[in-house]
Amino acid sequence: MKGAKSKSESKKPESRLSVKKREAPKQKKAPVKKAKEAKDPNKPKRPASAFFVFMEDFRKQYKEKHPNNKSVSVVGKAGGEKWKSMSESEKAPFVAKAEKRKSEYDKTLQAYNKKLAEGKHDEEEEEEESDKSKSEVHDDEDDDDDSGE
C-alpha cells in the first residue's frame with residue numbers, strides 16, 4: 001500500500017470540521033432618531049375634543065363636591081366613567097361646543113398658514129437681495145483697498 005495515507009496524516013483537522021473561535025458579538029448601534037421639527041410658538045393650538053370640553057365643567061363640579069381631593073387621576077377616572085354613562089343627548093352640548101371651537105381653529109389655522117406662506121416668500125426675496133448687497137459690499141472694499149495704496 002504505497003499510496004495509502006497513514007493514520008497520523010489523515011487526522012489533520014479539516015477546515016470544515018474545525019471549531020472556529022467566535023469574535024465578540026458586535027454591539028447593535030442605536031437607531032438614529034429623526035430630528036423633530038421645531039415647534040412654532042405662533043401656531044394655533046388644536047381645539048379640545050367634546051370629552052375635554054366636558055371635563056372642564058366636570059372638574060369644577062367635582063372640586064366643589066370633593067374639596068379635599070388632591071389626586072388628578074381620581075378626577076379623571078370619575079370623569080371618564082360619567083362620560084361613558086351619558087347618553088348622546090346629554091353629550092350634545094359638549095359636542096356642539098367642540099365643533100364650534102374646531103371651526104374657529106380651522107379659520108385661524110388657514111390664516112396662520114397664509115401668513116406663513118407669505119412670510120417664506122418674503123424671506124426668499126430678502127435672501128436674494130442680501131446676497132447681492134454682500135457681493136457689492138465686498139467689491140467696494142476691494143476697490144477701496146486698491147485705491148488706498
Side-chain angles (χ1 to χ4, degrees), residues 10-149:
S10 65
K11 289 189 176 179
K12 288 183 182 177
E14 293 183 25
S15 61
R16 292 186 296 164
L17 300 176
S18 65
V19 177
K20 295 182 182 178
K21 292 183 181 179
R22 289 188 173 180
E23 295 178 14
K26 296 179 182 178
Q27 293 180 355
K28 295 180 181 178
K29 293 182 180 178
V32 179
K33 294 183 179 179
K34 295 180 183 178
K36 290 185 179 180
E37 293 182 19
K39 291 185 179 179
D40 187 357
N42 299 328
K43 187 174 181 179
K45 293 187 178 182
R46 291 175 57 188
S49 66
F51 172 71
F52 285 101
V53 173
F54 161 75
M55 283 302 291
E56 290 171 3
D57 292 337
F58 182 79
R59 281 189 198 98
K60 292 175 189 172
Q61 294 171 359
Y62 194 85
K63 271 199 166 185
E64 289 173 4
K65 291 178 183 177
H66 305 90
N68 297 331
N69 182 32
K70 303 288 183 190
S71 177
V72 175
S73 63
V74 171
V75 177
K77 287 178 183 177
E81 289 172 9
K82 170 94 178 191
W83 179 257
K84 287 178 185 176
S85 66
M86 291 171 66
S87 66
E88 293 299 319
S89 60
E90 292 173 322
K91 293 179 183 180
F94 303 110
V95 173
K97 282 183 186 178
E99 287 176 0
K100 184 179 178 183
R101 289 184 185 183
K102 173 86 168 133
S103 63
E104 290 173 5
Y105 167 77
D106 289 337
K107 289 176 187 176
T108 55
L109 186 64
Q110 285 177 351
Y112 168 79
N113 287 335
K114 188 175 181 181
K115 278 185 181 179
L116 198 63
E118 289 173 359
K120 284 185 179 181
H121 181 67
D122 292 342
E123 288 176 8
E124 290 172 1
E125 289 177 1
E126 288 176 9
E127 287 177 9
E128 289 175 9
E129 291 174 11
S130 63
D131 290 341
K132 290 178 185 176
S133 61
K134 285 179 185 175
S135 63
E136 291 171 4
V137 170
H138 293 298
D139 291 342
D140 291 342
E141 288 174 2
D142 293 339
D143 293 341
D144 292 340
D145 291 341
D146 293 339
S147 60
E149 290 180 22

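These numbers come from the heavy atoms of this one structure, side chains and all, not from hydrogens, waters or symmetry mates. For reference, positions follow the sequence shown, starting with 1.
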> At what distance, to the nearest 0.5 angstrom, does CD of Q110 lie from OG1 of T108?
9.0 Å
> Grab the two heavy atoms, one from A50 and one from A98, that are nearest each other, plus how far apart they are.
N-CB, 3.6 Å
> Rounded to the nearest 0.5 Å, how far apart are CD of E99 and CZ of F94?
14.0 Å
> Please lay out, stage by stage, how E56 and K63 fare under the test salt bridge (Lys or Arg N to Asp or Glu O under 4.0 Å).
CA-CA 11 Å; E56 290 171 3; K63 271 199 166 185; over 6 Å; no
> Just wondering, are more than 12 heavy atoms of other shown residues or ligands nearer than 6.0 Å to OH in Y112?
yes
> Taking the side chain as every heavy atom from C-beta outward, state whether R46 and L109 have any pair of such atoms under 4.5 Å apart.
no
> Would a distance-only check, ignoring hydrogens and angles, find a side-chain to backbone donor-acceptor pair under 3.5 Å from E81 to A78?
no
> More than 12 foreign heavy atoms under 6.0 Å from NZ of K97: is that the case here?
no
> Describe, in one word, how the ring planes of W83 and F54 are oriented to each other, choosing from parallel (under 30°), tilted (30 to 60°) and perpendicular (over 60°).
tilted
> Give, for atom CG of L116 and atom CG of D40, the distance between the pair rounded to the nearest 0.5 Å.
6.5 Å
> Looking at A48 and R101, what are the two nearest heavy atoms and their distance?
CB-NH1, 3.9 Å
> Taking all atoms of both residues into account, what is the closest heavy-atom pair of S89 and P93, and its distance?
O-CD, 3.7 Å
> Look up atom NZ in K84 and atom NZ in K91, then write down how far apart they are to the nearest 0.5 Å.
10.0 Å
> Determine whether K45 and Y105 satisfy the following criterion, side chain to side chain contact (heavy atoms under 4.5 Å, CB included), listing intermediate values before the conclusion.
CA-CA 8 Å; K45 293 187 178 182; Y105 167 77; 5.9 Å; no
> Quick one: closest heavy-atom pair of M55 and G79, and the distance?
SD-CA, 3.7 Å
> Looking only at heavy atoms, which two atoms of R59 and V75 are closest? And how far apart?
CG-CG1, 3.9 Å
